[in-house]
Amino acid sequence: MSRDHILHKVRTALGRSAGQPAAEPPPVRLCGPQSDLEARIERFLNAVAGLNGKTYRARSCEEVRDYAARLVDGRPAVASCTPVLTACGIHGLPGVRYQFSTRDEFQTACAQAAVGITGADYALADTGTVVLLASHQEPRMISLLPPVHLAVVPKERILSGLDELFTLLPRPSELTSSLVLVTGPSRTADIEQILVRGVHGPGEIHVVVL
Amino acid sequence: MISIPHERFERVLADPALQQAIYAATGRLMEKRREAVAPEALPDYQELRSQARRIKEHTLENLDYYLEQFEAEVHARGGRVVWCRDGDEVVDFLTKLAREKNARLIVKSKSMTTEEIHLNQQLEQRELEPVETDLGEYILQLAGERPYHIVAPALHKTRYDVADIFSRRLGVEREEIPERQTRIARATLREKFLAADIGLTGANFLVADSGAVVLVENEGNARLTTTAPRIHVAVAGIEKLIPRAQDLAVFLKLLGRSATGQPLTVYTSVLAGPRREGELDGPEEFYVVLLDNGRTRLLADREKRESLFCIRCGACLNHCPVYRKIGGHNYPWVYSGPIGAILTPQYFGAGHEPWLPFASSLCGACGEVCPVKIDIPKMLLLLRREIGRSLAREGKGRWERWAFRVWAWLMTRPKLYEFAGVAASALAPEGSEGWLTGLPPVLRRGPLAAWLSQRDLPLPPGRSFRQLWRVRSRVKRV
Ligand code: SF4
């Protein structure tokens, strides 16, 4: 069998035997430079803007809803069922769909939507990243198929960066089958190194911090 | 002497547009990397490199343990691990899977490992339809070419080439603006994504403690490949393992910055198993193919094992003066540049394309920029030694060995060495503007002339370093 064959070759190459435990791995390297929340929000919004994302700081749920309403503007949109969107009343906006009985129905809706609206499980200030953990409330295609992605980020979810994220989530796969870091709009530079946005994913990203 | 096949390079060297394209693209990538790893931007860059190297070293030294841990974690999350010794076994597995699931269309996101085993051609021969979805790879698949660069596969294609390829292969209006060309690809490929049954990816990392496949990209095609089709298959070399999800904090900081100067690429996906209870989308089936294809042979070589640390960032290509001249397709295998020059002879044997380790000025740039600190120049020297020895066994390369022996003898005798230097200057070869243009008559034939035919040498200076040194120390003493 190929499995045993490969493992045998690996062990022979290393002079190890079956069942032998691993040596002590190098200690994990995670640093936690803690900045205060306001500074993190500021840094996060700047980083998103630096990636050509649109940013908005909302003071209330109503402001989030108004922003979303202007962006959707009655066109077809898909929203996830994550609590922050419910709290902001996104699901009541004209054009917004959020309940689906089958995968096919959901996929078609996402493929036809002008805007996809998600929450954010975390955000990374250093890089302007929105972190999404797939779940029954937060499916994957909403932030992927529509040409525009709107992410609503509760401000206390903004972390400094990767180190803090992996300190909080040492093994993300225990929580989700898919952890995705979204850093700016989809882009390519494959033709003559010329930057083009919106290749397969959304070419436009809006981040609203609440 | 190992001769370098200059004839092969002539077409590329004589094509100013291509030279310009390679220079501009690699130059821009160098510039962006430099900014991204500068001390102001990333103060702990060197510590991150050391840590990345330590982790890779540790993982490979305990690889069997981590492979088994990874397998157990994938199984625990409802996925399946498939072990393949070579490309044929991968093709067999995929063909069987496709037949079982009644699948024909396979969307693919960029993967050097599948290039390595010529997977597309093999699948096509079995009546399957693999479609590359990374824009650069898609262009190349339509053109029937292999990647020119690990990270920027279509680096050698101009927008006019792309216009030709799209209009010829897709039957669309000729379109020369990259933005519109991208729209064409988006629309065509979107249909494929939504219709495909199998999504095939590589893996940038495999995380042992999580049973996770990590994919790093900018376009969103890897996300679509792993989201829309019912089945996700990731094909990865066994060296892609890292022990813990927490180690990603180190590698992700290095990979994007080294490759394109991005602190993080647009999308990073950490995928573990099929979709879970209650999820609306994501694959129903999740397979990870662990491929050997010669890697265990490299693993057995302690001295050169570190070649397996490579995270395929492409930085060594961008910084290599040889790659920047001869381009990607002059390297015999899918891995080009310095990393290709050390991987190819190790995978295929030192006798295969033996010129590769010699086509280097040993300037050391590759080793200096490598995010996992592979000592590429040292690997090149080790390979040269190996090739030299195997030539010696065949009774070849006698003159060269003799010449180096004389050289070594001379170098260890300072007085004699100095005299030889003076004598060489006194022979006063012809030159102009400080460069050597001709040789004394006795040397006009033979190996020295051949050596010089491809190299520029400055004229010997009026006074040697030793003479200058003596003058200086005399002045100081006074
Ligand atoms: S050898 Fe190092 S620099 Fe070259 S591609 Fe691999 S990781 Fe990058």
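Reminder, nothing fancy here: chain letters follow the sequence lines and each chain counts from 1.
- Neither the backbone nor the side chain of A/Ser101 comes within contact range of chain B; no heavy atoms are under 4.5 Å apart.
- A donor-acceptor pair under 3.5 Å is absent between the side-chain atoms of B/Asn218 and the main chain of A/Arg187, judged by distance alone.
- A salt bridge links B/Glu68 with A/Arg11; the closest basic N to acidic carboxylate O contact falls under 4.0 Å.
- No side-chain heavy atom of A/Thr183 sits less than 4.5 Å from a side-chain heavy atom of B/Tyr267.
- When heavy atoms are compared at a cutoff of 4.5 Å, B/Leu271 approaches chain A by way of both its backbone and its side chain.
- Ranked by heavy-atom pairs under 4.5 Å with chain A, the list B/Leu252, B/Leu48, B/Leu194, B/Thr226 is led by B/Leu194.
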Practice task
Walk me through it: do A/Arg29 and B/Gln246 pass the test side-chain contact (heavy atoms from CB on, under 4.5 Å)?
Solution key: CA-CA 8 Å; A/Arg29 188 177 187 285; B/Gln246 291 189 318; over 6 Å; no

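- No hydrogens or angles considered: nothing links the side chains of B/Arg223 and A/Ser186 as a donor-acceptor pair under 3.5 Å.
- Proximity to chain B is limited to the backbone of A/Thr176, based on heavy atoms less than 4.5 angstrom apart.
- Residues B/Glu219 and A/Thr188 bring a donor and an acceptor atom of their side chains to less than 3.5 Å of each other.
- Under the 4.5 Å side-chain criterion, counting only non-hydrogen atoms from C-beta, A/Leu145 is in contact with B/Arg190.
- The closest donor-acceptor contact from the side chain of B/Arg186 to the backbone of A/Gly201 lies under 3.5 Å.
- Of the listed residues (B/Pro283, B/Gly282, B/Ala24, B/Ala228), the greatest number of heavy-atom pairs within a distance under 4.5 Å of chain A belongs to B/Gly282.
- Across all their heavy atoms, B/Arg183 and A/Gly198 have their closest contact at NH1-O, 3.4 Å.
- Contact of B/Gln181 with chain A is made through the side chain alone, with heavy-atom distances under 4.5 Å.
- Atom NZ of A/Lys54 is surrounded by more than 12 heavy atoms from other residues, nucleotides or ligands within 6.0 Å.
- Counting heavy atoms from C-beta on, the side chains of A/Leu14 and B/Asn62 never come closer than 4.5 Å.
- When heavy atoms are compared at a cutoff of 4.5 Å, A/Val199 approaches chain B by way of both its backbone and its side chain.
- B/Glu61 touches chain A through its backbone: at least one of N, CA, C or O sits under 4.5 Å from a heavy atom, while the side chain does not.
- For B/Leu135, the parts sitting under 4.5 Å from any heavy atom of chain A are the backbone and the side chain alike.
- Interface remark: of the candidates A/Pro139, A/Pro170, A/Gly184, A/Ala22, A/Ala22 forms the most heavy-atom pairs closer than 4.5 Å to chain B.
- Using a 4.5 Å cut-off between heavy atoms, A/Ser135 contacts chain B through its backbone alone, with no side-chain atom that close.
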Exercise for the section: For side-chain contact (heavy atoms from CB on, under 4.5 Å), just list the numbers for A/Arg3 and B/Arg85, CA-CA rounded to whole Å, side-chain angles, deciding distance to a tenth of an Å, and then say yes or no. Expected result: CA-CA 8 Å; A/Arg3 179 184 189 275; B/Arg85 274 179 274 192; over 6 Å; no

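- Contacts between B/Glu71 and chain A at a heavy-atom distance below 4.5 Å involve the side chain alone, from C-beta outward.
- Interface remark: B/Ile238 contributes side-chain atoms only to the contact with chain A (heavy atom separation under 4.5 Å).
- Neither the backbone nor the side chain of B/Thr260 comes within contact range of chain A; no heavy atom of the residue lies under 4.5 Å from a heavy atom of that chain.
- Only the backbone of A/Pro185 comes within contact range of chain B, judged by heavy atoms closer than 4.5 Å.
- B/Arg244 touches chain A through its side chain: at least one heavy atom from C-beta onward sits under 4.5 Å away, while N, CA, C and O do not.
- Looking at B/Gln69, neither its backbone nor its side chain comes within 4.5 Å of chain A, counting heavy atoms on both sides.
- Looking only at heavy-atom pairs under 4.5 Å with chain A, the residue among B/Gly220, B/Pro178, B/Pro263 that has the most is B/Pro178.
- In this structure, chain A has no heavy atom under 4.5 Å from any part of B/Leu215.
- Taking B/His156, B/Glu217, B/Glu47, B/Arg302 one by one and counting their heavy-atom pairs under 4.5 Å with chain A, the maximum is reached by B/Glu47.
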Practice task
Under the side-chain contact (heavy atoms from CB on, under 4.5 Å) rule, what do A/Arg103 and B/Arg275 come out as? Steps first, then yes or no, please.
Solution key: CA-CA 12 Å; A/Arg103 178 202 163 103; B/Arg275 72 160 94 149; 2.6 Å; yes

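- Proximity of A/Leu162 to B/Leu248: side-chain heavy atoms (C-beta onward) are nowhere separated by under 4.5 Å.
- Between B/Leu280 and A/His136 there is no side-chain heavy-atom pair separated by less than 4.5 Å.
- The closest side-chain heavy-atom distance from B/Thr26 to A/Gln193 is not below 4.5 Å.
- Contact annotation: the side chain of A/Val180 never approaches that of B/Thr268 to less than 4.5 Å [non-hydrogen atoms, C-beta and beyond].
- In this structure, the portion of A/Leu30 lying under 4.5 Å from any heavy atom of chain B is its side chain and not its backbone.
- Ranked by heavy-atom pairs shorter than 4.5 Å toward chain A, the options B/Leu298, B/Thr158, B/Leu290, B/Val207 are led by B/Thr158.
- Using a 4.5 Å cut-off between heavy atoms, A/Ile6 contacts chain B through both its backbone and its side chain.
- Side-chain contact check for B/Glu279 and A/Ser177: at least one donor-acceptor pair (N or O, by modelled atom type) lies under 3.5 Å.
- When atom types are taken as modelled, the side chain of A/His200 and the backbone of B/Ala185 share no donor-acceptor pair closer than 3.5 angstrom.
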Problem - Stepwise side-chain contact (heavy atoms from CB on, under 4.5 Å) check, A/Asp190 with B/Asp134 - result: CA-CA 9 Å; A/Asp190 275 351; B/Asp134 168 84; 3.2 Å; yes

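- With chain B as partner, the option from A/Leu124, A/Leu179, A/Val182 having the largest number of non-hydrogen pairs under 4.5 angstrom is A/Leu179.
- When heavy atoms are compared at a cutoff of 4.5 Å, A/Leu175 approaches chain B solely by way of its backbone atoms N, CA, C and O.
- Heavy atoms closer than 4.5 Å to chain B are found nowhere in A/Glu138, neither backbone nor side chain.
- Residue contact with chain B, scored on non-hydrogen atoms closer than 4.5 Å, involves the backbone of A/Glu24 exclusively.
- For the set B/Glu179, B/Glu89, B/Arg276, the count of heavy-atom pairs under 4.5 angstrom toward chain A peaks at B/Arg276.
- Heavy atoms from other residues, nucleotides or ligands lying under 6.0 Å from CD of A/Glu156 number more than 12.
- Proximity to chain A is absent for every atom of B/Phe286, based on heavy atoms less than 4.5 angstrom apart.
- Side-chain contact check for A/Met1 versus B/Trp83: every heavy-atom pair is 4.5 Å or farther apart.
- Of all the listed residues (A/Cys110, A/Gly203, A/Pro27, A/Pro172), the one sharing the greatest number of non-hydrogen pairs under 4.5 Å with chain B is A/Pro27.
- For B/Ala25, the parts lying near chain A are the backbone and the side chain together; criterion is any non-hydrogen pair under 4.5 Å.
- In summary, of the residues considered (B/Arg159, B/Arg28, B/Lys157), a salt bridge (charged side-chain N to carboxylate O under 4.0 Å, His left out) with A/Glu192 occurs for B/Arg159 alone.
- Taking both residues in full, the closest heavy atoms of B/Asp64 and A/Ser17 are given as OD2-O, 4.1 Å, listed atom of the first, atom of the second, then distance.
- Proximity to chain B is limited to the side chain of A/Arg16, based on heavy atoms less than 4.5 angstrom apart.
- No part of B/Arg297 comes within reach of chain A, as not one of its non-hydrogen atoms sits under 4.5 angstrom from that chain.
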